[in-house]
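The structure appears below as structure tokens.
The shown structure was predicted, so the numbers you read here are calculated from the model rather than taken from an experiment. A note on names: the letters A, B, ... follow the listed sequences, proteins ahead of strands, and every chain is numbered from 1.
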Amino acid sequence: MSNQEVARAFNEIADMLELKGENPFRIRAYRRAAQNIEALSVEVSELDEESLQKIPGIGKDLAQKIREFVERKTIKQLEELRKEIPSGLLQILLVPGIGPKTAKTVYDRLGISTIEELERACKEGRLSGLPGIKKKTEDNILKGIAMLKMGRERMPLGRARPLAEEIVSELKKLKEVGRIEIAGSLRRWKETVKDIDILVTSREPMKVMNAFVRLPQVQDVLLKGPTKSSVMLREGIQVDLRVVEEESFGAALQYFTGSKAHNIKIRERAMKLGLKINEYGVFREEDNKKVAGKTEEEVYEAIGLPFIEPELREDLGEVEAAEEGRLPELIETSDIRGDLHVHSRWSDGAHSIEEVAEAAIEMGYEYIAITDHSKGLGIAGGLQAEDILEEKKEVDALNRKLRKFRILMGVEVDIRSSGELDFDEEILKKLDFVVASIHSGFRQSSKQLTRRLLSAIRCPYVNVIAHPTGRILGERQEYELDMEQVLKAAKRYQKALEINAYPLRLDLKDSYARRAKEMGIPIVISTDTHMTEQFRFIRYGVEVARRAWLEKSDVLNTLPLKEFLRRIKRQR
DNA sequence: GCCGTTTTCGGCCCGACTGTTTTCAGTCG
């Protein structure tokens, strides 16, 4: 019973209670619990009722329901609701523009309980005449159904971020645009995003909005007003643009950056202090006088808190940490001194080692580890033992030539299906740095996969496990690992785990990386670069680290070369 | 259903846009 399954059950209960018109706060309680469970790095199935109640948003009742779900594979309340509410109605809720009220109305009045029926009824104009529904609403529902059919899922950060930056640079060209910032989950660098939020200041909002909806990337205008417009891009992601006053920019940025859960917490705190926060500023309850709003720092200060970095704003303990003055000093991209997972033309990279080194120097690095694939990965030009030794000669020669820069001779050694490494220790011993990773047998049992990683961690010459969970966003699920065991082993042998910065991997993900930090496991952030342009992806990895509360001192490749070498020697 | 420097009952974040209304409900973020 995974956390995700529990979260899904609670969300389903929330949906059905909503359809029944239940108390909205009770519904919110289920959703909040679901969200917190999903973000948890431990499995709720392993917790007893008492520990469950320590999770924020989970009290006696929900703790019992989790235990019930884990032990009996079902929740009685859920079963009963399912009998009461047709599953098609839940599908109808997924249609953008349709909420619980409309869904209930069409069900009660017309007996519609599937999307197909809804579509037919709209086309036949049978919805018109229901309370609050006329032709226009029918059209909007049909649009929403079309949108749903297009498969509106979350977009990986690595795809959405460049799209957002492109739009920002277009809008920046307008003379009517003052300040401009990306907000929303994109500013928090969440690994997938639902839409792109952009915030601008302007004295002539309508001109900005007019230009916005006419951008060449825009396929459809969803809504347009003086402070808020939304469009659908051809790439299939929605962009919301908001225009605010200079004087409220900080409050608006804070508000639209979210997360929702973080904002609710901030607002609750404000309320206790006799303040009210909205996107225009912080206001005193008694006389409605504005006390802050121009900058985000001001907003947090007004409620007695230090600035909280956007990446932390998930209501996962950051508000409490801010209150107690123990916010982390998050790692920054400029702290990184070397990339430790780099491919060259010797295997499947696009550039020579020399070209790669030059690009790394350009990045301001002091060192890199060249880690081409081992023989098991024939498809990626994996190297035989002799090739590795040849490659090492080239690296040695380059090191004699380069000043103030060091290329570490390494390898990305494949962990075979059997659990053995692709090279024996005699070869690995001769290298400066060894990255081990899984590239095959993804579908093995959890037991087998975990054993493979454990045996790699135990090998004295392995320094780091690369992309430990193997996931590729939108393509491949994580391996079914026993992550807790992997973490324990990494801690015991002090082997590093990689945050792979390749935008579609981001592996370790934030919640695991945070758990690793808490356990005292060393972390490296690397790009898995196959061409020199990809060194720039390091930012994505650093952002995962920031979301995981990591500081400079938690990450090995922030160390200067000498210290770094001393540190990895101790791993052997 | 949760939660407690206003607490064990009575609160629970806040506003824009749309389409239906003639002052507002529903949806969304």
Side-chain angles (χ1 to χ4, degrees), chain A residues 10 13-14 17-18 21-36 52-66 77 92-106 127-141 143-144 147 152 183-186 193-199 205 209 221-231 238-244 248 251-252 254-283 285 303-304 315 323:
Chain A
F10 279 1
I13 291 174
L17 292 177
E18 220 167 11
E22 281 269 359
N23 176 359
F25 299 107
R26 189 174 164 224
I27 294 160
R28 201 182 100 185
Y30 278 98
R31 295 207 193 282
R32 181 156 177 252
Q35 202 202 350
N36 289 343
L52 283 170
Q53 288 189 48
K54 293 197 180 115
I55 301 168
I58 294 185
K60 197 163 187 304
D61 186 80
L62 291 183
Q64 273 173 6
K65 279 180 182 148
I66 295 171
Q77 176 200 22
I92 287 179
L93 274 185
L94 298 176
V95 176
I98 292 204
K101 291 286 181 343
T102 313
K104 191 166 172 9
T105 306
V106 297
L127 258 53
S128 289
L130 294 181
I133 297 179
K134 284 193 165 172
K135 180 86 173 54
K136 193 83 186 207
T137 306
E138 282 181 335
D139 289 347
N140 280 340
I141 292 174
K143 256 191 184 174
M147 208 132 79
R152 297 245 33 235
S185 49
L186 217 42
V193 301
K194 196 161 132 292
D195 53 20
I196 296 172
D197 288 293
I198 300 173
L199 207 59
M209 293 308 193
V221 181
L222 304 174
L223 51 91
K224 189 176 158 207
T227 66
K228 177 182 174 178
S229 295
S230 295
V231 300
Q238 185 175 328
V239 188
D240 296 343
L241 180 69
R242 291 179 162 93
V243 180
V244 301
S248 337
Q254 197 285 323
Y255 183 83
F256 291 117
T257 296
S259 66
K260 198 170 179 172
H262 173 88
N263 282 357
I264 289 175
K265 191 150 250 184
I266 291 294
R267 264 149 231 278
E268 282 168 353
R269 185 181 165 88
M271 234 165 39
K272 286 178 193 148
L273 297 168
L275 299 166
K276 192 182 82 170
I277 304 182
N278 58 28
E279 60 259 56
Y280 300 108
V282 184
F283 299 87
E285 203 74 69
I303 54 169
D315 189 22
E323 284 166 354

Discussion item. Taking only the P atom of each, what is the distance from dT20(B) to dC28(B) in whole angstrom?
Written reply: 16 Å
Practice prompt. Answer with base, sugar-phosphate or nothing: what part of the nucleic acid does Ser230(A) contact at a heavy-atom distance below 4.0 Å?
Written response: nothing
Worksheet item: Quick one: on DNA chain B, does Asp61(A) or Lys135(A) contact a more 5' nucleotide (nearest heavy atom)?
Response: Asp61(A)
Worksheet item: Is there side-chain contact between Lys65(A) and Tyr30(A), with heavy atoms separated by less than 4.5 Å?
Response: yes
Discussion item. Please report the distance separating the C1' of dT22(B) from the corresponding atom of dC12(B), rounded so that it comes out in whole Å.
Written reply: 32 Å
Discussion item. Protein within reach of the bases, or only the backbone? For nucleotides 10-18 of chain B, mark each nucleotide 5' to 3' as B, S or -, using heavy atoms under 4.0 Å.
Written reply: --BBBSSSS
Discussion item. Please give the distance between the C1' atoms of dC9(B) and dC14(B) as a whole number of Å.
Written reply: 25 Å
Discussion item. Nearest heavy atom decides the nucleotide; on that basis, is Lys65(A) or Phe256(A) closer to the 5' end of DNA chain B?
Written reply: Lys65(A)
Worksheet item: With sequence neighbours excluded, what pairs up with Lys265(A) under the salt bridge (Lys or Arg N to Asp or Glu O under 4.0 Å) test?
Response: Asp315(A), Glu320(A)
Discussion item. A quick test of your reading: do over 12 heavy atoms of other residues, nucleotides or ligands sit less than 6.0 Å from NZ of Lys143(A)?
Written reply: no
Worksheet item: Sequence neighbours excluded, which residues qualify as side-chain hydrogen bond (donor to acceptor under 3.5 Å, both in side chains) partners of Ser230(A)?
Response: Asp240(A)
Discussion item. Considering every strand and a 4.0 Å limit on heavy-atom distances, what is the contact class for Ile27(A): base, sugar-phosphate, or nothing?
Written reply: nothing
Discussion item. Please give the distance between the P atoms of dG1(B) and dT6(B) as a whole number of Å.
Written reply: 27 Å
Worksheet item: Across all strands, who's sitting opposite dT27(B) as a Watson-Crick or G-U wobble pair, both distances under 3.5 Å?
Response: dA16(B)
Fill in: Interatomic distance, Glu22(A) CD vs dC2(B) P [rounded to whole Å]
14 Å
Practice prompt. Just jot down the salt bridge (Lys or Arg N to Asp or Glu O under 4.0 Å) partners of Glu285(A), sequence neighbours excluded, or say none.
Written response: none
Worksheet item: Contact class for Pro100(A) (heavy atom, under 4.0 Å): base, sugar-phosphate, or nothing?
Response: sugar-phosphate
Worksheet item: Atom CD1 of Ile198(A) to atom C1' of dG29(B): distance rounded to whole Å?
Response: 16 Å
Practice prompt. Evaluate the side-chain proximity of Lys260(A) to Gln35(A): yes if any heavy-atom separation is below 4.5 Å, no if none is.
Written response: no
Discussion item. The criterion is side-chain hydrogen bond (donor to acceptor under 3.5 Å, both in side chains); which residues satisfy it with Glu279(A), sequence neighbours excluded?
Written reply: none
Worksheet item: Which part of the nucleic acid, if any, lies within reach of Pro131(A) when heavy atoms closer than 4.0 Å are counted: base, sugar-phosphate only, or nothing?
Response: nothing
Discussion item. Classify Lys265(A) by what it touches in the nucleic acid, base, sugar-phosphate, or nothing, heavy-atom distance under 4.0 Å.
Written reply: nothing
Worksheet item: Expressed as a whole number of Å, how far does the C1' atom of dT23(B) sit from that of dC17(B)?
Response: 16 Å
Discussion item. Please report the distance separating the C1' of dC3(B) from the corresponding atom of dT8(B), rounded so that it comes out in whole Å.
Written reply: 9 Å
Worksheet item: Below 4.0 angstrom from OP1 or OP2 of dC28(B), is there any side-chain N or O of Lys194(A)?
Response: no
Worksheet item: Can you name the residues that form a salt bridge (Lys or Arg N to Asp or Glu O under 4.0 Å) with Lys135(A), not counting sequence neighbours?
Response: Asp139(A)
Discussion item. With rounding to the closest Å, how many angstrom separate the P atoms on dG15(B) and dT5(B)?
Written reply: 25 Å
